[in-house]
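Following: one structure in structure tokens, then a few remarks.
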Amino acid sequence: MRMHKEMTNAEVARLLRGVAAAYEIKGKDSPNTRFRVIAYERAADSIERSTVEVKDLWEDGKLGQVPGIGTSMAEYLDELFKTGKVRHFEKLLDSLPEAMFELLDIPGIGAKRAYKLVKELGITKAHGASEKLLRLAEKGRIRTIEGFGEQSEKEIIDAIQGVYRKTKRFLLPFATEVAENILEYLRKNPRVKRADPLGSLRRCVSSVGDVDISVASDDPEEVIKYFTAYKNKSEVIESGEHTASILLPNGMQIDLMVQPPDTYGALLQHFTGSKEHNVALREYALKKGMSLSEYGIRFLQKSKVQKSKFKSQNYNAKLKIYQFADEKSFYNSLGMEWIPPELRENQGEIEASIEGELPSLVEVEDIKGDLHLHSNFLKDTSHDEGANSIESMVEEADRLGYEYLLFTEHNPKIDEQEEKIMDVLRRKKEYIDKTNYSRENRSGKRVRKVFNGLEIDIRPDGEVALPDRAWDFLDFAVVSVHSSFRGSRDKQTKRILRGLEHPKAKILGHPTGRRIGEREGIEVDWGEVFEFCKTNDKWLEINSWWDRLDLPDILVCQAIKVGVKLVISTDSHATDQMVLMRYGVSVARRGWAEKGDIVNTLGYNDFTKEVRI
DNA sequence: GCCGTTTTCGGCCCGACTGTTTTCAGTCG
């Protein structure tokens, strides 16, 4: 396995997984090996999930912040980043065939099987090891190895071929919409008592692999029959007693699980995850003498918990397990508050829940205005024009119950003559002033204000793409990066801070610039940007656009800790996109945001005080 | 090797599935 100084998180994680595999094979005799392997795997998971580069943390002397990295691991990483290698790891890895490590990527093959396959089949070249394995499998060579058979040979073939196929992930808004159609269909059946999304979809992770759904019903057979009869499917993959899977024409797999209403709570809890949340929850319960599973809670003999708390619960004497109809009673029985699914990532929510200090998360209903809207009023803008009129977007805002809006068409192309730019912006201001006047008086019931803004490019050097005197036409504006996404952290940080210089540059739009599945965002010293925003009253946007969802949840969490104010906006380019606000809200919730952290939850009067215009 | 609301020592999540197994090992989520 290659090591070098500039290792990314993914590479470090891969290295640690390799070390875990090596220990699994070499340390058979030592009783502690099992846990050492787990420790390395946990550290790898933790590093892979971290949005901050571990190398940067190391430079700042903050390696200890990463969960799962203790004194030994920190010393090894220190050696790795300093010298480009870890002698201890090299010694361990060099004594094993290099080819086995590539096989670890194949589902169903772990350390032991990878080692055995490579040894028995004499695969020596590390590069292309899985292709070689595939060819040998197709020749029927694997079934001859002790511990393998025809079945496992076939599985290995499927798995290797599948590696190159099954990588597709779906964006949250898309998966949610598909799932909701199916949930709606299921709920129409009178035998369905409850139907819920599970897994990453329920936790509102920004992209999801497959869609899992659970149903509470006393008649699983009937529900499965009904589910597999869903019209908009391309095939039924599997249909059993309690579970079934269908495939949709777009390639999305929908897995269904049916359970009786009495035991539905533990099931919902278990399959909502995350894995890390569940592991931490079970470890906590274990210390109190309780064992948790998808079936309920079982008491260990040494348990000191008062079982009186459980009196109201269903006790299944045969299975010796307490069963739960809903999640709330499950968590409550552990002495905890119910934890919103968005928080279940083992990021401190368990501790907060025990202390009764869970945040009161922001909700869609709290939002009082949309601050990023593209109408079709301006032509020849630097990027996409909106599809609909200001009027139609204002009508939609009324329907959504908003009290104010900010129109933020892209700035006019900068190479136009300055007088021309001034002209169109003057016309827009006059139009909005006029419209507001008539609407406020006519409505009678509620004041609704339309603010005049723009979304202005921050150019590579940090200058904004607008003539200085044009700012006078605007109430306040969004500034955003739309180009030059590479570039050093230092340069990009300076660029952002300069872009926010003007007092009316109030909001930093889609701050990282990422497009999920397309490109990474810009590299920025977020700590510095957060401090700047806090001191200078700038707001960071959580953009609800389906493949942006930007700020990402983890940065939301960090920003809030510093005390930075955020806004949630849709970046709508058409009227029917304004309902996408819920996805921005879900990002905020995953970042532990409360109503008070989000500026556009303020009513009109408080908002104008906050924006100071 | 990590970690602390019983612990700085002594623990370490839980169950399903699969295969080659006559009682368990490996892998996964």
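Numbered from 1 within each chain, the chains take letters A, B, ... in sequence-line order. Keep in mind the model is a prediction, meaning the values are calculated, not measured.
Nucleotide B/dT7 is shown with a syn base, its glycosidic torsion being within 90° of 0.
With both ends at atom P, the span from B/dT23 to B/dC28 equals 25 Å, rounded to whole Å. When the C1' atom is used for both B/dC24 and B/dT20, the distance is 10 Å, rounded to whole Å. Between B/dT21 and B/dT27, the two C1' atoms lie 16 Å apart (nearest whole Å). Distance noted for atom C1' between B/dT7 and B/dC3: 10 Å (whole Å). When the C1' atom is used for both B/dG10 and B/dG15, the distance is 25 Å, rounded to whole Å.
Regarding A/Gln65, its CD atom lies at a distance of 16 Å from the P atom of B/dC2, rounded to whole Å. Here the P atom of nucleotide B/dT6 and the CE atom of A/Met290 are 10 Å apart, to the nearest Å. Distance CZ (A/Arg34) to P (B/dC14): 11 Å, rounded to an integer number of Å. One interatomic measurement links the two molecules: CZ of A/Arg42 to P of B/dG1, which rounds to 16 Å at whole-angstrom precision. In this structure, NE2 of A/His242 is placed 12 Å from P of B/dA16, rounded to the nearest angstrom. Protein atom CG of A/Leu300 is 14 Å distant from nucleotide atom C1' of B/dC12, rounded to whole Å. Rounded to whole angstrom, the span from the CD atom of A/Glu283 across to the P atom of B/dC3 amounts to 11 Å. If you take CD of A/Glu294 and C1' of B/dA16, they are 8 Å apart, rounded to a whole angstrom.
Contact between A/Ser46 and A/Pro67 at its shortest, heavy atoms only, is OG-O, 2.8 Å.
Residue contacts for A/Leu281: at a heavy-atom cut-off of 4.0 Å it reaches no nucleic acid atom on any strand shown. Note on A/Tyr295: only backbone sugar-phosphate atoms sit closer than 4.0 angstrom, heavy atoms only; bases stay farther off. In this structure, A/Glu155 reaches the sugar-phosphate backbone alone: every heavy-atom distance under 4.0 Å involves primed, P, OP1 or OP2 atoms, never a base.
If you check B/dT8 for Watson-Crick or wobble pairing at under 3.5 angstrom, you find it has no partner at all.
Between A/Arg298 and A/His88, it is A/His88 whose nearest contact on DNA chain B lies nearer the 5' terminus.
Taking 4.0 Å as the cut-off between side-chain N and carboxylate O, A/Glu102 and A/Arg14 do not count as a salt-bridged pair. The pair A/Glu345-A/Arg590 meets the salt-bridge criterion, since a charged nitrogen lies less than 4.0 angstrom from a carboxylate oxygen.
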(request) Using a 4.0 Å heavy-atom cut-off, write out nucleotides 20-29 of chain B from 5' to 3' as B (base contacted by protein), S (sugar-phosphate only) or - (no contact). (result) S-----SSS-
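Side-chain nitrogen and oxygen atoms of A/Tyr23 include at least one within less than 4.0 Å of the OP1 or OP2 phosphate oxygen of B/dG1.
For the side chain to side chain donor-acceptor pair (under 3.5 Å) with A/Ser245, the qualifying choice from A/Thr228, A/Asp255, A/Asp210, A/Asp212 is A/Asp255, the only one to do so.
Residues from residues 67-77 of chain A lying near DNA chain B, meaning a heavy-atom separation below 4.0 Å, are A/Pro67, A/Gly68, A/Ile69, A/Gly70, A/Thr71, A/Ser72, A/Met73, A/Tyr76 in numerical order.
In summary, the side chains of A/His242 and A/Gln259 do not present any donor paired with an acceptor at a separation below 3.5 Å, with no hydrogens or angles considered.
A ring-centre distance under 6.0 Å is found for A/Tyr185 and A/Tyr226.
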